[in-house]
Amino acid sequence: MPELPEAETIVRSLRPRLAGRRVLSVRLLSARVSRDRPERIAGQTVRDVRRHGKRVWLAFDTGGLLVKLGMTGRLLADHPPGPYTRARIELDGMTLNFDDIRQFGSLQLLDAEPAGMGPDPLEISAEEFAARLRGRDTQLKRLLLDQTFVRGIGNIYADEALFRAGIHPLARTRRLGKDRALRLHRVLIELLELAIRHRGSSISDYVDAAGERGGFQSLHQVYGREGEPCPACGAPIRRIVAAQRGTHFCARCQRR
DNA sequence: CTTAATGTTCCCCA
DNA sequence: TTGGGGAACATTAA
């Protein structure tokens, strides 16, 4: 459910509300939500809320809680528990729910902030982006979904970015000129920042910490628009499967 | 009844 | 070692 803009939207609303609050209790309502006893953070104070790619990091004095939202995960502030509430964190003055219909999400208790993924696409320089791309040999769609290349891009923003960059999703990294690599980097930043300004995309499940839907889905140009006319040229948007994911693009604007 | 869904991970093969 | 396919995970909606 969440990609970088959605996780960023959640983090921005949660940070001022959570920072400085002490955890009173953590209750798990599903055995599958976590394997490492997040109840152990009880008594600790939230020092910061940060985004790591498409994940949410709740930093405590020692270590923190990494929230993977999976496909349908939600972090909800001061909401009553529902049938899909998988964990409930009671803090000094508020509660935080982790709801997750499909249960692909999880809570991980870590000693330190996670590492090992690719750089954040909003922070990497154009030169570094192009250099990293040059070292790979794969399809562009697959590359963007690979969290070890850059972290935070998922199926929606991969398709939208490739459309904006005029790159076919099956195009090979090897055959992409540097100019087009630089263009991809630029449109990625523009796209992600615009999506953040619109508070993310709500296709089916995503809502922010207040339970509000995002607004960027109405500005999607190809994602979920199979058969509709391309906003640039009018040709019908096509859907194929790439990297095992539904992939939307304009065959006229995104040549191979 | 079948398929697909904002994701990740593991296993197998080239 | 890298890349790619497929299955699995759990649940809903079209």
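Every heavy atom of this structure was used, including side-chain atoms; hydrogens, water molecules and symmetry mates were not. Per chain, numbering begins at 1; letters A, B, ... match sequence-line order.
Remark: A:Arg132 pairs with no residue by the salt bridge (charged side-chain N to carboxylate O under 4.0 Å, His left out) rule, at least two apart or across chains. Scanning for salt bridge (charged side-chain N to carboxylate O under 4.0 Å, His left out) contacts around A:Arg47 gives A:Asp61, with sequence neighbours left out.
Across all strands, A:Thr138 comes closer than 4.0 Å only to sugar-phosphate atoms, never to a base (heavy-atom distances). If you check every strand for non-hydrogen atoms under 4.0 Å, A:Tyr84 touches sugar and phosphate atoms only. Within 4.0 Å (heavy atoms only), A:Asp100 reaches no atom of the nucleic acid at all. Residue contacts for A:Ile101: at a heavy-atom cut-off of 4.0 Å it reaches the sugar-phosphate backbone alone, with no base atom in range.
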Item to check | Summary of protein contacts for nucleotides 8-14 of chain B, nucleotide by nucleotide, where a base hit scores B, a sugar-phosphate-only hit scores S (4.0 Å, heavy atoms) | outcome: SS-----
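Dashed line: the shortest gap from a side-chain N or O of A:Arg239 to OP1 or OP2 of B:dA5 is under 4.0 Å.
At least one donor-acceptor pair under 3.5 Å links the side chain of A:Glu6 to the backbone N or O of A:Ser201.
Under 4.0 Å is where a charged nitrogen must lie from a carboxylate oxygen, and between A:Arg27 and A:Glu39 no such pair does.
Every pair tested for salt bridge (Lys or Arg N to Asp or Glu O under 4.0 Å) that includes a residue from residues 99-111 of chain A fails, sequence neighbours excluded, so the list is empty.
B:dG7 atom C1' lies 15 Å from atom CG of A:Leu4, rounded to whole Å. The interatomic distance linking A:Glu226 (CD) with B:dA5 (C1') rounds to 14 Å, in whole Å. Taking atom CE on A:Met71 and atom P on B:dA4, their separation rounds to 13 Å, with Å as the unit.
The P atoms of C:dT1 and B:dT8 are separated by 23 Å, rounded to the nearest whole Å. Taking the C1' atoms as reference points, C:dG4 lies 22 Å from B:dA5, given to the whole Å.
Note on ring orientation: taking the six-membered ring where Trp is involved, the planes of A:Phe129 and A:His185 are tilted (angle from 30° to 60°). Using the six-membered ring where Trp is involved, A:His198 and A:Phe216 have ring planes that are tilted, between 30° and 60° apart.
No side-chain heavy atom of A:Arg255 sits under 4.5 Å from any side-chain heavy atom of A:His168. For the pair A:Met94 and A:Arg17, the minimum side-chain heavy-atom distance is below 4.5 Å.
Of the listed residues (A:Val207, A:Leu96, A:Asn97), just one forms a side chain to side chain contact (heavy atoms under 4.5 Å, CB included) with A:His79, and that residue is A:Asn97.
When DNA chain C is scanned 5' to 3' for any atom under 4.0 Å from a heavy atom of chain A, the first and last hits are C:dG3 to C:dT12.
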Item to check | Dot-bracket line, read 5' to 3' along DNA chain C, where crossing pairs take [ ] and | marks a partner on another strand, Watson-Crick or G-U under 3.5 Å | outcome: .||||||||.||||
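When the shell of 6.0 Å around CZ of A:Arg35 is examined, it contains 12 or fewer heavy atoms from other residues, nucleotides or ligands.
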